[in-house]
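What follows is a short report on a single structure.
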Amino acid sequence: MKIAVVSANGKEGKLIVREAMERGLDVTAVVRGENRSDATQVIKKDLFDLTASDLKGFDVVIDAFGAWSPETLPLHGTSLKHLCDIVSGQDARLLIVGGAGSLYVNPEHTLQLMDAPDFPDMFKPLASAMGKALEELRTRDDVKWTYISPAADFRADGARTGKYILGGEELPLSSKGESTISYADYAVAMVDEAVNGDHVRQRISVVAE
């Protein structure tokens, strides 16, 4: 199985590359500058300069792109649209490192986590930008996409347990009623989805056990 990880130099991107490499998968890092991931095969290109021929032959393309500053937040939508456009009509599946803010917190799916009263104000612009990108993604029936949202508390430095619970559109909770997952366990879930997943044109979510 051939996997391309876009934005492989990011915190989550590096962990996804490492997880896939340790499983013996054929991994290519797509990076803008010097490759800082474990991958030995590299495409050195800005995401927006990637073409359909760059990603030809891959079974799975993983989008680990992230933007955090106010002026770059719209890139969540434009970068995802660009990747969709260049894998459009192809067999390659596009797996996206998503956000938690757009997960629903009620069974009627009318209230999203980012609209809940206790959602931190500082994260609202990011959650809104990622939520908008997801809404646009949902309109794409020409791409085999899967959007994977982490639990509410997404911990960069948490341990890798190798265990997680797979959820759907609603905020996933652990057996203790908590919504947390480490970047490392998220990477496990992402690579599992790359290898075995069949959630085409679905948003799924993951939480620690």
Side-chain angles (χ1 to χ4, degrees), residues 1-23 25-69 72-100 102 126 129-134 136-138 140 142-150 154 156 183-184 186-195 197 199-204 206:
M1 170 172 279
K2 290 189 69 175
I3 296 176
V5 180
V6 180
S7 301
N9 277 341
K11 266 189 179 174
E12 188 60 59
K14 278 192 210 165
L15 288 169
I16 291 168
V17 168
R18 181 173 300 158
E19 182 69 33
M21 295 279 292
E22 285 177 355
R23 298 197 205 181
L25 299 171
D26 184 340
V27 185
T28 297
V30 181
V31 291
R32 191 170 50 185
E34 181 189 350
N35 174 41
R36 297 192 298 274
S37 76
D38 291 351
T40 53
Q41 302 174 99
V42 181
I43 296 172
K44 192 173 173 182
K45 252 188 180 185
D46 185 276
L47 186 158
F48 289 97
D49 294 330
L50 289 171
T51 64
S53 61
D54 289 323
L55 299 181
K56 199 172 176 63
F58 287 101
D59 300 295
V60 176
V61 176
I62 296 175
D63 173 19
F65 175 82
W68 319 106
S69 59
T72 60
L73 289 179
L75 295 176
H76 281 283
T78 53
S79 65
L80 189 47
K81 180 184 184 301
H82 179 69
L83 288 175
C84 283
D85 288 346
I86 60 177
V87 299
S88 172
Q90 304 296 319
D91 283 335
R93 285 183 297 134
L94 177 64
L95 308 187
I96 299 108
V97 176
S102 57
L126 173 63
M130 294 187 81
K132 187 164 175 264
L134 172 59
E136 289 165 3
L137 181 66
R138 290 188 196 274
R140 303 292 298 238
D142 56 330
V143 177
K144 294 178 178 176
W145 60 266
T146 305
Y147 188 97
I148 308 181
S149 287
F154 197 19
Y183 276 35
Y186 180 95
V188 173
M190 176 62 82
V191 178
D192 283 351
E193 183 63 25
V195 175
H199 299 93
V200 174
R201 299 190 192 102
Q202 293 178 48
R203 186 259 287 277
I204 56 176
V206 290

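These figures come from a predicted structure and were not determined experimentally.
- When all heavy atoms of R203 and G99 are compared, the closest pair comes out as NH1-O, 4.3 Å.
- Counting only heavy atoms from C-beta outward, the side chains of R36 and V31 never approach each other to under 4.5 Å.
- To the nearest 0.5 Å, atom OH of residue Y147 and atom CG of residue L80 are 8.0 Å apart.
- In this pair, F65 and F48 present their aromatic rings perpendicular. The plane angle is above 60°, beyond the 30 to 60° band.
- One distance of note links OG of S53 with CD1 of I86; it measures 8.5 Å at 0.5 Å rounding.
- In terms of the ring pair (Phe, Tyr, Trp, His ring centres under 6.0 Å) criterion, residue partners of F154 (sequence neighbours excluded) are, by chain and number, Y183, Y186.
- The side-chain contact (heavy atoms from CB on, under 4.5 Å) check on S69 picks up E71, T72, with sequence neighbours excluded.
- Separation of atoms CG (L75) and CG (L47) is listed at 9.0 Å; rounding is to 0.5 Å.
- In terms of heavy-atom proximity, L134 sits nearest to S102 at CD2-OG, 3.5 Å.
- For V30 against A4, the heavy-atom pair with the smallest separation is CG2-CB, 4.3 Å.
- Remark: K44 pairs with no residue by the side-chain hydrogen bond (donor to acceptor under 3.5 Å, both in side chains) rule, at least two apart or across chains.
- The side-chain hydrogen bond (donor to acceptor under 3.5 Å, both in side chains) check on R23 picks up E19, D192, with sequence neighbours excluded.
- Note that CZ of R140 and NZ of K81 are 6.0 Å apart. Values are rounded to the nearest 0.5 Å.
- To the nearest 0.5 Å, atom OG of residue S79 and atom CD1 of residue I96 are 9.5 Å apart.
- Taking each heavy atom of L73 and A129 in turn, the nearest pair found is O-CB, 3.7 Å.
- Residues W145 and V87 have side chains not in contact (no heavy-atom distance under 4.5 Å, counting atoms from C-beta outward).
- With sequence neighbours excluded, the residues that form a side-chain contact (heavy atoms from CB on, under 4.5 Å) with E193 are R93, L95, T146, I148, H199, I204.
- Here E12 pairs with nothing under the side-chain hydrogen bond (donor to acceptor under 3.5 Å, both in side chains) rule; sequence neighbours left out.
- Contacts of R18 classified as side-chain contact (heavy atoms from CB on, under 4.5 Å), with partners at least two apart in sequence or in another chain: L15, E22, D38.
- Legend: side chain to side chain donor-acceptor pair (under 3.5 Å) pairs involving residues 25-35, not counting sequence neighbours, sorted by first then second residue: D26-Q41, N35-S37.
- V27 pairs with exactly one of I16, V17, I62, T40 by the side-chain contact (heavy atoms from CB on, under 4.5 Å) rule, that one being V17.
- Residues satisfying the salt bridge (Lys or Arg N to Asp or Glu O under 4.0 Å) criterion with K144, sequence neighbours excluded, are D91.
- Residue pairs meeting the salt bridge (Lys or Arg N to Asp or Glu O under 4.0 Å) criterion with at least one partner in residues 51-67, sequence neighbours excluded, are K45-D54.
- Listed by chain and number, the residues in a side-chain contact (heavy atoms from CB on, under 4.5 Å) with K132 are E136 (sequence neighbours excluded).
- Nearest heavy-atom pair across V97 and A64 is CG2-CA, 3.8 Å.
- In this structure, A194 and I3 approach most closely via the heavy-atom pair CB-CD1, 4.1 Å.
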